[in-house]
A.B. asks: 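Let me begin by handing over the structure; questions about it come next.
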There are 2 protein chains.
Amino acid sequence: MTSTKKIEENTGQTPAGKKAYHHGDLRAALIEATRQLVEEKGPDSFSVSEACRRAGVSTAAPYKHFKDKTEMLSAAVLEGMVRLRGNMQAALEGIPEGSPERVTAIGMEYVAFALNEPGIFRLKFGGFTDRIADPRLEEGGQQSFGILLSEVAKCMGESEVTEDVRKRSFLMWSFVHGLSFILRDHGLADKGKEFELHSLLEDVSERMLR
Amino acid sequence: MTSTKKIEENTGQTPAGKKAYHHGDLRAALIEATRQLVEEKGPDSFSVSEACRRAGVSTAAPYKHFKDKTEMLSAAVLEGMVRLRGNMQAALEGIPEGSPERVTAIGMEYVAFALNEPGIFRLKFGGFTDRIADPRLEEGGQQSFGILLSEVAKCMGESEVTEDVRKRSFLMWSFVHGLSFILRDHGLADKGKEFELHSLLEDVSERMLR
DNA sequence: AACATATGTTAGAGATGCTAACTTGATGAG
DNA sequence: CTCATCAAGTTAGCATCTCTAACATATGTT
C-alpha cells in the first residue's frame with residue numbers, strides 16, 4: 001500500500017549522467033506525486049510546488065499538462081475512483097449471486113478505501129466538490145452506485161430497480177458513507193474494533209434488506 | 001439565516017468620522033467574518049487577509065487574537081457547534097419523552113445544519129481534523145452524541161446506556177452523518193425531495209430501534 | 001534539412017501566512 | 001492629574017505559493 005516508488009522515469013535510453021530535458025511521462029508522475037502528497041500531508045496542505053520538487057521538474061511544468069491545481073487534484077481523484085470500483089468488483093468475485101454478503105462486501109470495500117486512502121477519499125467526498133467538479137467524477141460515482149443498486153435488487157428478488165430498491169440502496173449508501181467518515185476521523189481503534197466492522201455491516205444490511 | 005450584519009462595531013462612543021484605533025471586539029468580528037467567508041467561498045478558499053479586509057483591519061491584526069489561520073477557523077467551528085447543540089435542544093421541546101420522534105428530530109436538526117451551514121459543517125466533519133484539533137471540539141462532539149445516546153436509551157425503555165443502545169446510536173449517527181454529506185454534495189433537490197426527508201429519517205429510526 | 005509542435009525552463013507578478021518592530025490609546029497607581 | 005504599562009492596533013517585509021509569459025530544446029513530419 002502507498003508504494004513510494006520512484007517517480008522519475010526516463011526510460012533507460014538516456015545516457016546515465018545526463019538528465020534528459022523531457023521527462024518521459026510527466027503527467028503520470030505528477031499524478032502519482034499528487035496522490036502521495038495528498039496522503040502524506042492531507043489535501044488542504046497539498047502544494048503544486050512540492051509535487052514538482054518530488055517529480056524533479058520546475059514549478060511551471062505542470063501547467064503544460066493541467067489547467068490548474070484543481071485539475072491536478074481532480075486527476076488524482078479520478079484514478080482513485082477507478083481503484084475503488086476495481087476493489088469492489090474484485091470483492092464480489094466468488095460470492096454467490098443474490099447473497100446479501102455481496103452487499104456487505106461492497107460496503108466493506110468502501111470503508112476500506114476510506115481508511116487506506118483517506119486523502120483521496122476526502123478529496124472526493126469531503127466537500128471539495130465546489131472546486132473539483134469534473135463531470136467524469138460524477139459519472140464514476142453514479143457507476144459505483146449502480147453496482148450497489150443491482151446487488152440490492154438481486155437480494156430482494158426483484159428483476160428490476162424498483163423505487164423501493166432505490167430507496168434502500170440510498171439508505172445503505174448513506175450509512176456506509178457516514179461510517180467511513182467517522183471511522184477515519186475518530187480512528188479505527190475507537191469504534192471500528194469496538195463493534196467488529198464486518199458484523200456491523202451485516203447487521204445494517206440485514207435491517208435494510210428486510 | 002446567514003445574516004450579513006455589519007462587522008465593524010465601534011460602540012457609539014467614538015465621534016462619527018474618526019476611525020478609532022481600537023476596534024471594540026475584533027475577535028468576535030473576525031470570527032463572524034470567518035464564518036461568512038467560509039460559507040461564501042468554501043473552507044478551502046478562505047483566506048485570513050480577506051477576513052481582515054471585511055473586518056476593516058490590517059492583515060497582521062488577527063495574530064493578536066489567534067495563533068494562526070487554523071485557530072481562527074477553529075473558533076468559528078466551535079461557535080457553530082454551540083448553535084448545533086442549541087438547535088437540537090430546541091427541537092426536543094414539546095416532544096414527549098421516550099417518543100421515537102425525539103430521535104428523528106435530532107437527526108433532522110443535524111441534516112438541517114449541514115444544509116444551512118455547509119461550510120462550517122465541512123470544516124468540522126469533512127476531515128480538516130488533522131489541522132483543526134481543538135480538544136474543546138472533540139468534547140463538544142461527545143456532548144452531542146450524548147444527547148442522542150440518552151434519547152435512544154429512553155426509546156428502548158432502558159434505564160441506562162447499554163452496549164446495545166450504544167451500538168444502535170452509533171449506527172444511526174453514521175447514517176445521518178452520511179446522509180448529510182450526500183444531500184449537501186448532490187443537492188437537496190436530487191434525493192432529499194425524492195424521498196421526503198422526514199419520512200426517511202422515521203424509516204431509519206424505526207428500523208434501528210426495533 | 002527545416003519546420004511545427006509538444007514539453008521543458010527561467011523570470012516574475014500578485015496573493016498569502018506570519019513575524020518583527022513600532023504606535024496608539026486605555027487603565028490603574030501614585 | 002500624570003505617567004508608566006500593556007493590550008491591541010499598524011507598517012514593513014520575508015518566504016511561499018499559484019500561475020503566466022517568454023524563451024529553449026527535443027521529437028517527428030515532410
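The sequence lines fix the lettering, A, B, ..., with proteins before strands; numbering per chain opens at 1.
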A.B. asks: Write down the distance between OH (A/Tyr63) and C1' (C/dA6), rounded to a whole number of angstrom.
C.D. replies: 19 Å
A.B. asks: Taking for each residue the nucleotide of DNA chain D with the nearest heavy atom, is it B/Ser58 or A/Lys67 whose nucleotide lies nearer the 5' end?
C.D. replies: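 The 5'-side residue here is B/Ser58.
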A.B. asks: Looking at B/Arg53, I'd like to know whether one of its side-chain N or O atoms comes within less than 4.0 Å of OP1 or OP2 on C/dT16.
C.D. replies: yes
A.B. asks: Side chains of B/Phe125 and A/Phe181, heavy atoms from C-beta outward: is any pair under 4.5 Å?
C.D. replies: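 The answer is no; the side chains never approach within 4.5 Å.
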A.B. asks: In terms of the nearest nucleotide of DNA chain D, which residue is placed more toward the 5' end: B/His65 or A/Ser47?
C.D. replies: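 The residue mapped nearer the 5' terminus is B/His65.
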A.B. asks: Hey, is the side chain of B/Thr59 poking within less than 4.0 Å of OP1 or OP2 on C/dG17, counting only N and O atoms?
C.D. replies: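 For C/dG17, neither OP1 nor OP2 has a side-chain N or O of B/Thr59 closer than 4.0 Å.
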A.B. asks: Output the rounded distance in Å from CZ (A/Arg27) to C1' (C/dT7).
C.D. replies: 14 Å
A.B. asks: What's the closest nucleotide to the side chain of B/Leu26 if the choices are D/dC19, D/dT10, D/dG9?
C.D. replies: D/dG9
A.B. asks: Of the nucleotides D/dT11, C/dA11, D/dT18, which has the atom closest to the A/Ala60 side chain?
C.D. replies: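 My answer, after comparing the listed nucleotides, is C/dA11.
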A.B. asks: Using a strict cut-off of less than 4.0 Å between a Lys/Arg side-chain nitrogen and an Asp/Glu carboxylate oxygen, indicate whether B/Arg54 and B/Glu32 qualify as a salt bridge.
C.D. replies: no
A.B. asks: Can you check whether any acceptor in the base of C/dG17 is under 3.5 Å from a donor in the side chain of B/Lys69, or vice versa?
C.D. replies: no
A.B. asks: On DNA chain C, nearest-nucleotide positions of B/Lys64 versus B/Asp68: which is more 5'?
C.D. replies: B/Asp68
